[in-house]
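What follows is one structure encoded as structure tokens, with my remarks underneath.
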Amino acid sequence: QALVKQGFAVQVERGAGDEAKFSDDQYKEAGAKIADTKSVFGSDLVLKVRAPTFNNALGTHEAELLKPKATLVSFIYPAQNPDLMDKLSKQKATVLAMDQVPRVTIAQGYDALSSMANIAGYKAVVLAANHFGRFFTGQITAAGKVPPAKVLIIGGGVAGLAAAGTAK
């Protein structure tokens with residue numbers, strides 16, 4: 001919505017938000033145009049969560065659908081994907097690999113890996129609680145006492161800290 005208000009023409013690939021429970025209608029309401037894959041990849045700037053891959057429906061690699069000299073912002077993992085980097089280079093694409101954004105305080109607003117790790121830590125505890133079979137917190141009732149669960153969290157990174165906060 002903010003991009004549309006600033007005068008940008010925003011295209012969203014049909015069904016792009018399905019996995020995240022965002023409908024095409026929601027994107028339309030925000031001012032975006034719903035388009036097919038070829039149209040979207042023909043944009044000057046392409047924002048894509050996963051790295052471009054071979055598109056079976058179109059019989060071509062998504063990198064080859066990029067407009068020459070387009071800008072791509074995505075999780076690319078360049079060291080693990082030299083073939084993809086070659087394809088993007090042939091298109092003369094400018095690429096911002098989100099996985100290469102430094103994980104420092106000044107770049108936190110752009111650090112998508114920390115955001116995902118935070119959610120992963122939270123989800124790990126929720127899933128563990130579901131399988132545990134009793135309450136995580138201690139309970140004292142007229143019928144007796146249930147001691148609180150002891151939770152072992154392995155790892156002290158972003159996911160581990162989120163898990164510790166959730167399990168507390």
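All values reported here derive from a predicted model rather than from experimental measurement. Residue numbers run from 1 in the order of the sequence given.
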Backbone of Ile76 reached by a side-chain donor or acceptor of Asn81 within 3.5 Å: yes
Value rounded to 0.5 Å, distance of CG in Leu65 from NZ in Lys87: 12.0 Å
Test side-chain contact (heavy atoms from CB on, under 4.5 Å) applied to Phe75 and Met116, step by step: CA-CA 12 Å; Phe75 285 87; Met116 292 188 309; 3.9 Å; yes
Under 3.5 Å donor-acceptor, Gln1 side chain and Ala30 backbone: no
N/O donor-acceptor pair under 3.5 Å between Gln91 side chain and Leu66 backbone: yes
Derivation and outcome, side-chain contact (heavy atoms from CB on, under 4.5 Å), residues Asp36 and Glu13: CA-CA 6 Å; Asp36 64 13; Glu13 183 180 10; over 6 Å; no
Separation between NE2 of His61 and CG of Leu84, rounded to the nearest 0.5 Å: 5.5 Å
Test item: Asp24 side-chain N/O and Arg14 main-chain N/O as donor-acceptor pair under 3.5 Å: no
Option passing side chain to side chain contact (heavy atoms under 4.5 Å, CB included) with Thr71 (candidates Val95, Leu96, Thr94): Thr94
Spacing of Arg134 atom CZ and Gln139 atom CD [to the nearest 0.5 Å]: 10.0 Å
Heavy-atom donor-acceptor pair, Ser39 side chain to Ala35 backbone, under 3.5 Å: no
Exceeds 12 heavy-atom contacts within 6.0 angstrom, atom CZ of Phe132: yes
Residue Tyr122 excluded, over 12 heavy atoms near OH under 6.0 Å: no
Val73 vs Lys48 side-chain heavy atoms within contact, under 4.5 Å: no
Distance (rounded to the nearest 0.5 Å) between Glu19 CD and Arg50 CZ: 6.5 Å
From Leu58 atom CG to Glu64 atom CD, the distance as rounded to the nearest 0.5 Å: 11.5 Å
Note, Phe136 side chain near Lys150 side chain (heavy atom, < 4.5 Å): no
Nearest heavy atoms of Ser74 and Asp99, plus distance in Å: O-OD1, 4.1 Å
Derivation and outcome, side-chain contact (heavy atoms from CB on, under 4.5 Å), residues Lys69 and Asp44: CA-CA 8 Å; Lys69 297 186 179 179; Asp44 294 321; over 6 Å; no
Enclosure of Gln6 CD (heavy-atom neighbours >12, cutoff 6.0 Å): yes
Flag if over 12 foreign heavy atoms under 6.0 Å of CZ, Phe54: yes
Audit row: Phe22, Val12, side-chain contact (heavy atoms from CB on, under 4.5 Å) steps and yes/no: CA-CA 11 Å; Phe22 291 106; Val12 176; over 6 Å; no
Side chain Ser43, main chain Val46, donor-acceptor under 3.5 Å: no
Taking every non-hydrogen atom, the tightest pair across Asn118 and Val158: N-CG1, 3.6 Å
